[in-house]
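Order of the sequence lines fixes the chain letters, A, B, ..., with proteins taken first and strands second; residue numbering starts at 1 for each chain. Heavy-atom basis, side chains included; hydrogens, waters and symmetry copies ignored. This one's a predicted model, so the numbers in the text were calculated from it and none came from an experiment.
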Protein chains: 2
Amino acid sequence: MRADARRNYEHLLGVAGTVVAEQGAEASLRDIARQAGVGLGTLYRHFPTREALLDALLRTGFDRLTARAAELEASASAREALLAWFRECVAFATEYRGVTEMMVAAIEDPDSALHASCVAMRAAGTRLLTRAQTEGVARTDMDGTDLFALVSALSWLSDQPALNARADRLFTLIADAALTDAERRPHL
Amino acid sequence: MRADARRNYEHLLGVAGTVVAEQGAEASLRDIARQAGVGLGTLYRHFPTREALLDALLRTGFDRLTARAAELEASASAREALLAWFRECVAFATEYRGVTEMMVAAIEDPDSALHASCVAMRAAGTRLLTRAQTEGVARTDMDGTDLFALVSALSWLSDQPALNARADRLFTLIADAALTDAERRPHL
DNA sequence: ACCTGAACACCGTTCAAGT
DNA sequence: ACCTGAACACCGTTCAAGT
């Protein structure tokens, strides 16, 4: 990559970070190019789709969360690990408004630039869930995709100004429901 | 209202129903006017905002749900009433894609045409919840807005093609969590 | 190799001109 | 009274022309 191209790439990414943080995942690409002082075609050259741009913006975070799952698997109890990871996922998805919806769409669309990261994250969560299930602290009638769905629903909820204040309480309610196994943990 | 105006109004509403069912709440208003064979200004004359159009489209359903809550209050046990109403709300919100998000936005915005219907629906749900709480079959650490948030989250989830298959199971999981009170119904 | 911006086909919204 | 559609300011996306 030529030096000027690299410079444009980095700068676009920086500006995109600010703009998307302000306006959400549906922010105007034209606006991003404009604020970066770059032609619209240059943005499209570096990021052929909106997903490609968001992928570049979010991949680090996704990878961090995937790594974090492995870390928690080693350092915390099955219950605490799942709970902490769940919470961190919601917190991350809430950083950029509208990202949850794109994540959910991407996980079923192999052509999306976000597909791989989403699938990796779901797999990481599935490992934590499976461990918790084996140890009898999580419901056995759900799988990784159910967990992904719950994380998504709570992230979406946190993104809605009218519901945001309830997100914490409802997180607890739902996490409790998932972590209490179907037999209501009779062995406790 | 003049006869031709009334005709346009009805026809627009009919076409809007079809188009919104197909394309969701963000459907192109221009497209609706076009398919109705009417000038764009005519659509704006009858429905000054998108919310006004959606309100006209959904009000019947909202009112039906509000009435349904009263009906269930008289005919079913507190537990069954809340459960059935919860389920019917989710089913309704899923009829038109994207309606949930607008509902949630409208409940906090007194200027939205949808505001009144949403507030009435939440109040109806609150009555069912309160009764269930009084009878000891629902958690006492939540209120009508929490219920509204849970209904919304599940509606949103049902609207996502990637998660739709999980909606039923997760409905049960969440409803169970809300209906089992904080002390895990020790009196059962 | 890379960048630019005009061009195209769409939006939502407003409003002067018509009947 | 009511309707129409052009006009305006925006999109996303593509691509010929420039350096």
> Could you give the distance separating dA9(C) and dA6(D) at their P atoms, to the nearest angstrom?
16 Å
> Show, in sequence, the C-alpha distance, side-chain angles and deciding distance for Arg169(A) and Asp141(B), and conclude whether the salt bridge (Lys or Arg N to Asp or Glu O under 4.0 Å) test is met.
CA-CA 9 Å; Arg169(A) 184 192 351 289; Asp141(B) 61 347; over 6 Å; no
> Any side-chain N or O of Arg50(A) less than 4.0 Å from the OP1 or OP2 oxygen of dG12(D)?
yes
> Under 3.5 Å for both distances, Watson-Crick or G-U wobble, that's the pair rule; now give the dot-bracket for DNA chain C, with | marking pairs to another strand and [ ] for crossing ones.
||.|||||...|||||.||
> For the pair Met102(A) and Glu26(A), evaluate side chain to side chain contact (heavy atoms under 4.5 Å, CB included) and give the outcome as yes or no after the intermediate values.
CA-CA 10 Å; Met102(A) 297 217 132; Glu26(A) 319 263 276; 3.9 Å; yes
> Closer than 4.0 angstrom, basic N to acidic O: yes or no for Asp146(A) and Arg166(B)?
yes
> Quick one, Arg64(B) with Arg68(B), criterion side chain to side chain contact (heavy atoms under 4.5 Å, CB included). Give me CA distance, side-chain angles, the key distance, then yes/no.
CA-CA 6 Å; Arg64(B) 199 169 40 82; Arg68(B) 181 77 175 125; 5.7 Å; no
> Distance-only, no hydrogens or angles: does the Trp85(B) side chain make a donor-acceptor pair with backbone N or O of Thr66(B) under 3.5 Å?
no
> Starting the side chain at C-beta, find the nucleotide from dC2(D), dA7(C), dC11(C) nearest to Ser28(B).
dC11(C)
> Starting at the 5' end of DNA chain D and moving along, which residue's nearest nucleotide shows up first, Pro48(A) or Arg6(B)?
Arg6(B)
> Any side-chain N or O of His46(B) under 4.0 Å from OP1/OP2 of dC3(D)?
yes
> Name the orientation class of the two ring planes belonging to Trp156(B) and Trp156(A) (parallel below 30°, tilted from 30 to 60°, perpendicular beyond 60°).
parallel
> Select one nucleotide: of dC3(C), dC2(D), dT4(D), the one nearest the side-chain heavy atoms of Thr42(B).
dT4(D)
> Tell me, do Phe171(B) and Leu157(B) make a side-chain contact under 4.5 Å, heavy atoms counted?
no
> What is the distance, rounded to the nearest whole Å, between atom CZ of Arg45(B) and atom C1' of dG5(D)?
15 Å
> Counting side-chain heavy atoms from CB outward, which of dT4(C), dC3(D), dT13(C) is closest to Asp4(B)?
dC3(D)
> State whether Arg34(A) places a side-chain N or O below 4.0 Å from either non-bridging phosphate oxygen (OP1 or OP2) of dG5(C).
no
> Which nucleotide wins on minimum distance to the side chain of Leu29(A), given the candidates dC2(D), dC2(C), dT13(D)?
dT13(D)
> Starting at the 5' end of DNA chain C, which residue's closest nucleotide do you reach first, Arg2(B) or Glu26(B)?
Glu26(B)
> It should be established whether Arg30(B) places a side-chain nitrogen or oxygen under 4.0 Å from OP1 or OP2 of nucleotide dT14(C).
no
